[in-house]
Amino acid sequence: MRKTTVVLIVVFLAFITHRIVDFVLDDSSIKDVGNTELSLAQGVVCRHIVKETPFGADSVFEEGSRLYFYTIISNALQYDSDSLLHVWYKGMDTVQVLPCKVRKDYEACYTEISPSMLTTGEWSVDLVLGRRLLYSEQFLIESTDR
């Protein structure tokens, strides 16, 4: 037999052995899948919140606008009020981090950013739970001088 054939057979057998051992020893992860509830989230950057509903949603805003990040989280009520955060970024720089307080009658929350903090450029805002990113929205701030 050729050397490459022997190497391929050894690598294949090692892979199969690894998969079998991993499957036998790690069946606890299979049990945990049934208890895991996915957190589905949606969000929008908007100009106003009217009767707990976002109004004036867009992806391009003028400099000096007061903006809100409105998010709906399917299983938000199971989390602590301080564990869900809205993180506002300008480019790669963190501008502000605010807790996302969920009301009991809605599975939604929102935070706002002051017009004085919004400067022209590319922005994004994230909904995070600990180190887990649940949702991200990107938008652009344009100069009012056209």
Rounded to the nearest 0.5 Å, what's the gap from NZ on Lys90 to CD on Gln96? Could you check?
-> 14.5 Å

What is the minimum heavy-atom distance between Phe69 and Tyr135, and which atoms define it?
-> CZ-CD2, 3.9 Å

Closest heavy-atom pair, Leu118 versus Ser65, reported as atoms and distance to 0.1 Å, is CD1-O, 3.0 Å

Between Glu142 and Val60, which heavy-atom pair has the shortest distance, and what is it?
-> CD-CG1, 3.5 Å

Identify the two heavy atoms, one from Leu98 and one from Glu112, that lie closest to each other, and give their separation to 0.1 Å.
-> CD1-O, 3.6 Å

Under a 4.5 Å cut-off applied to non-hydrogen side-chain atoms, are Leu129 and Ile73 in contact?
-> no

With a 4.5 Å limit on heavy-atom distance, are the side chains of Trp123 and Leu67 in contact?
-> no

Val125 to His86 - nearest heavy-atom pair and separation | CG2-CB, 4.5 Å

Does atom CD of Glu52 have more than 12 heavy-atom neighbours, drawn from other residues, nucleotides or ligands, at distances under 6.0 Å?
-> yes

Value rounded to 0.5 Å, distance of CH2 in Trp88 from CG in Asp126 = 10.5 Å

State plainly whether one hydrophobic cluster holds both Ile49 and Phe55, where clusters connect Ile, Leu, Val, Met, Phe, Trp and Tyr through side-chain heavy atoms under 4.5 angstrom apart.
-> no

Within a strict 4.5 Å, meaning less than it, do heavy atoms of the Cys100 and Thr71 side chains meet?
-> yes

Does Ser114 offer a backbone N or O that forms a donor-acceptor pair with the side chain of Ser116 under 3.5 Å?
-> no

Can you hop from Val95 to Met92 via hydrophobic side chains spaced under 4.5 Å?
-> no

Atom pair OG1/CZ of Thr17 and Phe12 - distance to nearest 0.5 Å | 9.5 Å

Tyr70 and Tyr110 aromatic ring geometry - parallel, tilted or perpendicular at 30°/60° bounds = parallel

Do you know which two heavy atoms are closest between Glu62 and Ile141, and how far apart they sit?
-> C-CG2, 4.2 Å

Got a second to check how far Leu127's CG is from Thr111's OG1, nearest 0.5 Å?
-> 9.5 Å

